[in-house]
Amino acid sequence: MIKYNPKKIEKKWQNKWDKDGLYRADDKSKKPKYYQLETFPYPSGAGLHVGHPKGYIAEDIHARYMRMNGREVLYTMGWDAFGLPTENYAIKVGKSPQEVARANIKNFKRQVKMFGLSYDWDREIDTSSPEYYKWTQWLFIQLFNAGLAYRKTATVNWCPKDQTVLANEQVVDGKCERDGEPVIQKEMEQWFFRITDYTERLLSGLEGLDWPEATIKRQKDWIGKSEGAVLNFSLNHISGQEDGKHSVEIFTTRPDTLFGATFLVVSPELAKKWLDLGWQASDKVKTYIKESLDRKELDRLEAVGDKTGVDADIKAINPATEKEIPVWIADYVLGSYGTGAIMAVPAHDERDLEFAVKFNLPIKEVVVPNIIDRRNPPVKGKKSVERRNIHAIVRDPDTGKYLGLKWRKFDWTTFPMGGVEDGEDIVAAAKREVEEETGFVNLKLVKVIEGQVRAEYFAAHKDENRVAYTTAVVFDLIDREQVEIDEKESSAHDIIWLDSSKLNYENMTHAEVDIWNERLHSKSPAYTGDGVLINSEKFDGLDSAKAKGEIVKSVGGKKKVQYRLRDWSVSRQRYWGVPIPMVHCPDCGIVPVPEKDLPVKLPTLKDYRPKGKPPLASSEKFMKVKCPKCSGEATRASETLDTFVDSSWYYLRYTDPKNDKNIFDKDKVDHWMPADLYVIGAEHTVLHLLYSRFITKFLNDQGHLNFEEPFLKLKHVGLIQGEDGQKMSKSKGNVVNPDDLVDKMGADTLRLYEMFMGPFEDGQPWDSKSILGVYRFLNRVWVLYNKSEMEGKNDELNRILHKTIKKTGEDIENFRFNTAVSGFMKLLNELEEHERISQDQAETFLKILAPFAPHLVEEIWTDVLGHKKSVHLESWPAYDKKLIVEDSADVIVQVNGKARGVIKLPVGSEEAKTREEALKEKNVSAHLEGKNIKKVIFIKDRLINFVI
RNA sequence: GCUCGGGUGGCGGAAUGGUAUACGCACAUCACUUAAAAUGAUGCGGGAGAAAUCCCAUGUGGGUUCGAGUCCCACCCCGAGCACCA
């Protein structure tokens, strides 16, 4: 018998499939289309490690499965070849980026090909080829013509090491995403794409996509929509200037808390603008502004939680109370969000509270949570009384128990409680109630729980409805000295001591008690939830949601929707990218390069290193150009595009990759797109996906596409770690190279192993021993087919075979490849136990294994079974529903829920029969001996449980 | 700090609320071999027992249920993301 030699057979079949064009996607096919997209790789110098192909293999299996199920599958590969790493690497080794990129692509392609992936290679694309970037430039010009690409001077993120601008999204923790260099802020004129015009559509388009929930959430968070209002505060007392002439706008999402705004905070950026406009501030204020603006983003992030600020010595007028409030400058308010200034409501915002406490600023409560007591709800027709209440929470430190009242006439358990009399101090009122109701007199104040709670309930002992505004006061008992109490009190309730676990609404009558608990444990006493307004004059008693609109109206503010998303900065001051196709003319301004002159080719430069200005700027030959409008002397744009522009539309190009007249043919793109499945690393959840969705919507608006969302279904691939459980990287020395592995054990082994490792979306550490398991499995398949006689029939095998067909299909569709592989192993274990399998059974097994191990199966299919046509042109076998149904069932017999035996019964056996058989079981009867059966739980064909 | 995921043998992991530990790795013993590798067979969560079998175990503690890895509550630990966005 010939030995299984993957090295020999895999290359052979790959060449044959290539030659036959087996995986070419036919634009004109009558079959329903299925477009499978895959992250196109950035071809780095290091080549692939075993972690990279995991997603590719999964997609390949899926693609082969879809083809076998009658779909015309578009499945492709290309190269995201422009970009910084290639350029930096080229500088390091003293070669040109062109050379380096070419070599990298060649190596990547060789590696990718050895995995036996069923790409349509005729559609390969390379973003650094003029044939591709011509259309990237065309896209830029379309955006420019639509007013969506524009220049503006802005503070941008600058990486001093790479000497280029970074998009907000490329800054991680204040550092360059690529090399960890701290990013600095710089004022520069830059190209931007107006993605903020699409915020609402980028949000609404997420509805109905089959994407992981976490990814949708992250996109939403990134866009960061918040609805609020812009309110105007007039300013007084600006030193050296006339009163009443100035004002400041603030953005808030909580206009309902306006009455609680006890000061304003202005960002250093806005304060700087005031200085520039002639504000005469004190030296102290000027120093603070300068220092905070000089601080790097990174330091500002590190300082979170340690608030700094300075009194601006300006007064503002709260438009609701018309009272004067101070204005402060602090860097916890961002210059780049909203209006750069806020109203501070310390009672209802944690950050404002922290600031107010630190600088001793007033705190005013204006919203209280509102509870309608569900056990003692207000009774219709009874009079309603408003009360200011206290609850006294008294702990006995000796026992750790809490003082409670058990009412005699009602089924109530309460704290000592009561009303606060006019002008009475809250603590005093609480002490008074404890004394009156329980007689305890020696109390030590622990704390007043910040914030009132409003509750509506029926007070049966007074036969009235109450709206109570309650504050809780916590005491420790100093000693147990008690004074005599009034007969009226002592007859109403008994004193009881409650365990701390009983202090909740389940065990106590107060609807407020759960909130007391929550507040006792929470870190910040600021109440940030909704509720009912207090201390807000005519708005008192109003629901906070309702109050928002009314207060905005009453002070002449305007509603405003604010987004976190900023416009996308796209110019880069580096060489290895797409030249921006624009001309700067002294007379005509900025003029796009005419379409007929595209592409603007990236010139070959001897010295392409960055020197603080774009490398292209130093090439006179490149820069000098005639203005397309007036033909006068002009210069080209010297910057290149962010590579995310290249990758924001590549998936469209696959549908018509060779078109040199148009970016793509409309019929073709509308036929294949949107992509039905996209497998992509979780690290791309914000940047690439958001940009791609934006570009798709834009091209749709321009009439080039008839759909708005490019990717219908998204799957994330979990990272394979090194054997040490850490992320694979050269520096850690834990990289496993697929070349040696494929050479030794074959691509089929690698494919099967990577799918078998665990759930697809999770990451697992590589295990060089574990892979032997699947290698053995494939060897056993090989041996089985080479020695078994494919004759006769074996009905016993049909059941597991057909079950496996069903399971494999379902597993592939749900990306549960690990259990699909274990299913194959179980099936093989079964097959090996039978001497003979029929030709039909043998073929069926091969067909379902084919997507996973395409080479091995093809070899057996043609060589052993003698087929002329490729197994990869076969249809997915149908399973026989009748064969899957068992004719006997293993019924679990339990006594009191514990399994005591299993009985085999014909499928569909009724309770009486099952019971009879179950009782015959020795072990079962032993457990039932002499006991009364109280109850029997019976689930047909599954279980019978005797409860005794 | 906030928001999501997730804690199951020595390891990767499996398990519509119904015999937890499938499948594979590692390990042990045996067969084949002069020997090793390869291959095959058997065993393999912990404890008690000669065995039948019993008890305990899915991060910890409670709860719901005839029955919980699975559902609910609290806590602990790990991972990911966001991080002063008013």
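Listed nucleotides B:rG13, B:rG18, B:rU19 differ in distance to A:Pro759; the shortest reach to its side chain belongs to B:rG13. Comparing B:rA86, B:rC66, B:rG18 by their closest approach to the side chain of A:Gln894 singles out B:rG18. Residue A:Arg218 places its side chain closer to B:rC82 than to any other of B:rU3, B:rC82, B:rC66.
Here A:Ser336 lies out of heavy-atom contact (under 4.0 Å) with every strand.
Taking 90° from 0 as the syn/anti boundary, the base of B:rG69 is oriented anti.
A distance of 6.0 Å or more separates the ring centres of A:Tyr775 and A:Phe777. Between A:Phe852 and A:Phe824, the ring center distance clears the sub-6.0 Å criterion. For A:Tyr753 and A:Trp766, the ring centers sit closer than 6.0 Å to each other.
Side-chain contact check for A:Glu917 versus A:Leu905: some heavy-atom pair is nearer than 4.5 Å. Contact annotation: the side chain of A:Ile680 approaches that of A:His688 to within less than 4.5 Å [non-hydrogen atoms, C-beta and beyond]. Side-chain contact check for A:Arg900 versus A:Val893: every heavy-atom pair is 4.5 Å or farther apart. Residues A:Pro346 and A:Thr262 are in side-chain contact: their nearest non-hydrogen atoms beyond the backbone lie under 4.5 Å apart.
Between the side chain of A:Glu350 and the base of B:rG1, no donor-acceptor pair of N or O atoms lies under 3.5 Å.
The side chain of A:Tyr337 contributes an N or O atom lying less than 4.0 Å from OP1 or OP2 of B:rA86.
In summary, A:Arg519 and A:Glu450 do not engage in a salt bridge, as defined by a charged side-chain N under 4.0 Å from a carboxylate O.
If you take CD of A:Gln721 and C1' of B:rA80, they are 12 Å apart, rounded to a whole angstrom. The CD1 atom of A:Ile216 sits 14 Å away from the P atom of B:rG5 (whole-angstrom rounding). If you measure from atom CD1 of A:Ile903 to atom P of B:rG18, you get 18 Å, rounded to the nearest angstrom. Following rounding to the nearest Å, A:Gln219 (CD) and B:rU3 (P) show an atom-to-atom distance of 22 Å.
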Where do N or O atoms of nucleotides 49-55 of chain B meet protein N or O atoms at under 3.5 Å, pair by pair?
residue : atom : partner  : partner atom : Å
B:rU53  : O3'  : A:Asn923 : OD1          : 3.4
B:rC54  : OP1  : A:Arg900 : NH1          : 3.0
B:rC54  : OP1  : A:Asn923 : ND2          : 3.0
B:rC55  : OP1  : A:Arg900 : NH2          : 3.1
B:rC55  : OP2  : A:Arg900 : NH1          : 3.1

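On the P atoms, B:rC23 is 13 Å away from B:rA15, given to the nearest whole Å. Separating the C1' atom of B:rG69 from that of B:rU3 is a span of 25 Å, rounded to the nearest Å.
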Under a cut-off of 3.5 Å for both distances of each Watson-Crick or G-U pair, what dot-bracket string does RNA chain B give, using [ ] for crossing pairs and | for inter-strand pairs? (((((((..(((.....[....))).(((((.......))))).((((....))))..(((((..]....))))))))))))....
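Using bins of under 30°, 30° to 60° and over 60° for the plane-to-plane angle, the ring pair A:Phe359/A:Trp328 lands in the tilted bin.
The environment of A:Lys559 atom NZ is sparse: at most 12 non-hydrogen atoms of other residues, nucleotides or ligands sit within 6.0 angstrom.
Both tests hold for A:Lys307 against A:Tyr332: distance to the six-membered ring centre under 6.0 Å, angle to the ring axis within 45°.
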Which is it for A:Glu350 and A:Tyr527 under the side chain to side chain donor-acceptor pair (under 3.5 Å) test, yes or no, and what are the steps along the way? CA-CA 8 Å; A:Glu350 286 175 25; A:Tyr527 176 66; over 6 Å; no
Under 4.0 Å protein heavy-atom contact, by nucleotide of nucleotides 22-32 of chain B - B base, S sugar-phosphate only: BBSSS------
